Amino acid sequence: MFMYKLNDGQQIPDFGFGTYKLNGRKGVQSIVSAINNGYTMIDTAYNYENEGTVGRAIAESGVDRDKLTVTSKLPGRYYAYDDAITALQESLYRAHLDYFDLYLLHWPNPKRGMYVEAWQALIAAQKFGLVKSIGVCNFLPEHLNKLQKETGILPAINQIELHPYFNQADMRQFDNEKGIVTMDWSPLGRASSVLKNPILIDLAKKYNKSVGQIILRWEHQLKTIPIPKSSSPIRQRENMNIFDFEISPEDMKKIDSLTKADGRNKDQDPAIYEEF
């Protein structure tokens, strides 16, 4: 597995495991399975209400904490500076961890206009040692430019919706120019329709891989970090088995051609969407 060097000097794996809706005992079992199947980056969030599940899975996995990269996210209702620090501490207590490797602002929520204050809290939390690296989710160029102008510090990561029906070419280019690594949420698309796409099915046959493996390999070759979720140990292993082949430039373009202007799964446009 390749390691990305972030703009703050830290390193993270180029592949991760999403945990949205993996809760309780079944969630622990799924996450332990993922860790035992070789996933070393685990993605959670305050709003997933499973940071405790993730922490328990880490404890039960038997894998040393320093071998894992753990990500969580701050919800918009705690963007006031003091609230942000307290919420971060609460997340660590829930997970029984001393620090997060990566901590992100979950949405910009631009109407409230508090994401710069929240970002200042994350900068402080990094200095305190509560987190190793800080970043954002779903931030557009105007939001990132404002962070840079107001604080002088850009995120290490921008986690965004990215899949074949919404390839985020412009956003990826902007992140790259700013030295920000792009991470992909919903990398396989929430709707099953993408897995039934005839172009992707043909490519899967050509490369003797599953459609999911074709998509994840495409994202890997875009130099982004996919974080697929699966509770199935078989699917977990399948999703990771993408490093023994390469998609040709011509076929990469075929997948790129599937993108749509309205390709977001739930119309969550960060310019107007709010989540707290």
Side-chain angles (χ1 to χ4, degrees), residues 6-7 16 18-21 43-48 71-81 83-84 87-88 91 102-123 131 133-151 153-191 194 219 222-229 256 258-276:
L6 303 178
N7 58 20
T19 67
Y20 180 57
K21 291 189 175 180
D43 180 89
T44 182
Y46 195 106
N47 274 354
Y48 298 174
T71 302
S72 194
K73 311 178 190 81
L74 180 72
R77 62 187 179 277
Y78 296 131
Y79 275 13
Y81 186 96
D83 291 346
L88 169 53
S91 290
L102 183 61
Y103 197 66
L104 314 174
L105 301 183
H106 210 153
W107 287 88
N109 295 342
K111 292 177 186 176
R112 291 193 77 202
M114 294 184 67
Y115 63 84
V116 173
E117 182 174 347
W119 183 242
Q120 290 168 332
L122 264 59
I123 293 170
V131 296
S133 295
I134 55 176
V136 296
C137 300
N138 308 299
F139 272 48
L140 299 173
E142 57 262 35
H143 307 138
L144 293 168
N145 283 333
K146 188 170 183 179
L147 291 185
Q148 186 175 31
K149 179 180 178 182
E150 297 289 334
T151 71
I153 296 176
L154 280 167
I157 291 281
N158 188 14
Q159 188 182 119
I160 59 177
E161 179 179 356
L162 198 158
H163 45 78
Y165 289 162
F166 199 63
N167 72 19
Q168 294 267 34
D170 291 342
M171 194 68 242
R172 285 188 286 112
Q173 181 178 345
F174 183 89
D175 284 348
N176 186 57
E177 290 172 353
K178 291 288 188 178
I180 301 169
V181 173
T182 300
M183 190 177 283
D184 317 335
W185 64 261
S186 195
L188 298 175
R190 287 180 184 163
V194 68
E219 288 160 345
L222 292 177
K223 292 184 168 50
T224 65
I225 302 177
I227 46 172
K229 180 198 77 173
D256 281 333
L258 299 176
T259 196
K260 306 172 183 178
D262 60 348
R264 296 184 190 277
N265 283 317
K266 291 191 174 181
D267 197 29
Q268 294 170 316
D269 182 354
I272 54 175
Y273 179 77
E274 304 261 309
E275 184 172 302
F276 302 102

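Being a predicted model, the structure only gives us computed values, none of them experimental.
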> Under 4.5 Å between any side-chain heavy atoms of His106 and Gln159, yes or no?
no
> Would Thr71 and Thr44 satisfy side chain to side chain contact (heavy atoms under 4.5 Å, CB included), going step by step from the backbone distance to the final call?
CA-CA 6 Å; Thr71 302; Thr44 182; over 6 Å; no
> Take Asp43 and Lys73, measure what salt bridge (Lys or Arg N to Asp or Glu O under 4.0 Å) needs, and give me the verdict at the end.
CA-CA 9 Å; Asp43 180 89; Lys73 311 178 190 81; 2.6 Å; yes
> Which heavy atom in Asn138 sits nearest to a heavy atom in Glu161, and how many Å separate them?
OD1-N, 4.2 Å
> Minimum heavy-atom separation for Asn265 and Ser186, please, with both atom names.
ND2-OG, 3.2 Å
> Taking ring-ring contact (aromatic ring centres under 6.0 Å, His included) as the test, write out the residues that go with Trp119, two or more places apart.
none
> Using the ring of each side chain (for Trp, its six-membered ring), is His163 parallel, tilted or perpendicular to Phe166, with breaks at 30° and 60°?
tilted
> Is the shortest heavy-atom distance from the side chain of Asp269 to the side chain of Arg264 under 4.5 Å?
yes
> As an exercise, state the distance from CG of Asn47 to OH of Tyr20, rounded to the nearest 0.5 Å.
9.0 Å
> Rounded to the nearest 0.5 Å, what separation is found between the CD atom of Gln120 and the CD1 atom of Ile153?
9.5 Å
> Only counting residues at least two apart or in another chain, list the ones meeting ring-ring contact (aromatic ring centres under 6.0 Å, His included) with Tyr78.
Tyr46
> Strictly distance-based, threshold 3.5 Å: is any side-chain N or O of Glu275 a donor or acceptor partner for the main-chain N or O of Trp107?
no
> Calculate, to the nearest 0.5 Å, the distance between atoms CG and CG belonging to Asn176 and Leu222 respectively.
11.5 Å
> Output yes when a side-chain donor or acceptor of Asn158 lies under 3.5 Å from a complementary backbone atom of Val181, and no otherwise.
no
> What closest approach, in Å, do Ser72 and Ala45 show between heavy atoms, and which atom pair accounts for it?
OG-CA, 3.4 Å
> What is the distance from atom CZ of Arg172 to atom CD of Glu177, rounded to the nearest 0.5 Å?
12.0 Å
> Please report the shortest heavy-atom distance between Ala271 and Pro110, naming the atom on each side.
O-CG, 3.4 Å
> For Phe276 and Tyr79, run ring-ring contact (aromatic ring centres under 6.0 Å, His included): C-alpha distance rounded to whole Å, both residues' side-chain angles, the deciding distance at 0.1 Å, then the answer.
CA-CA 9 Å; Phe276 302 102; Tyr79 275 13; 8.1 Å; no
> Just by modelled atom types, is the Asn167 backbone N or O under 3.5 Å from a matching donor or acceptor in the Thr259 side chain?
yes
> Please tell me if the side chains of Met171 and Pro141 come closer than 4.5 Å, counting only heavy atoms from C-beta onward.
yes
> With side-chain contact (heavy atoms from CB on, under 4.5 Å) as the test, pick out the partner of Asn109 among Glu274, Met114, His143.
Glu274
> Is the shortest side-chain heavy-atom distance between Phe174 and Leu144 below 4.5 Å?
yes
> Within the 4.5 Å heavy-atom criterion, are Val136 and Tyr115 side-chain neighbours or not?
no
> Is there a side-chain contact between Leu74 and Leu104 in this structure, where contact means two heavy atoms from C-beta onward sitting under 4.5 Å apart?
no
> Looking only at non-hydrogen atoms, find the nearest pair between Leu105 and Ala118 and report the distance.
CD2-CB, 3.7 Å
> Kindly compute the distance separating CZ (Phe139) from NZ (Lys146), expressed to the nearest 0.5 Å.
10.5 Å
> So which atom in Pro228 and which in Gly16 form the shortest heavy-atom distance, rounded to 0.1 Å?
CD-O, 3.3 Å
> Find out whether Lys223 and Thr182 are in side-chain contact, i.e. whether some heavy atom of one side chain is under 4.5 Å from a heavy atom of the other.
no
> Could you measure the distance from the CG atom of Leu88 to the OH atom of Tyr103? Nearest 0.5 Å is fine.
4.5 Å
> Tell me, with the steps shown, if Met183 and Ile160 meet side chain to side chain contact (heavy atoms under 4.5 Å, CB included).
CA-CA 6 Å; Met183 190 177 283; Ile160 59 177; over 6 Å; no
> Find out whether Ile134 and Leu102 are in side-chain contact, i.e. whether some heavy atom of one side chain is under 4.5 Å from a heavy atom of the other.
no
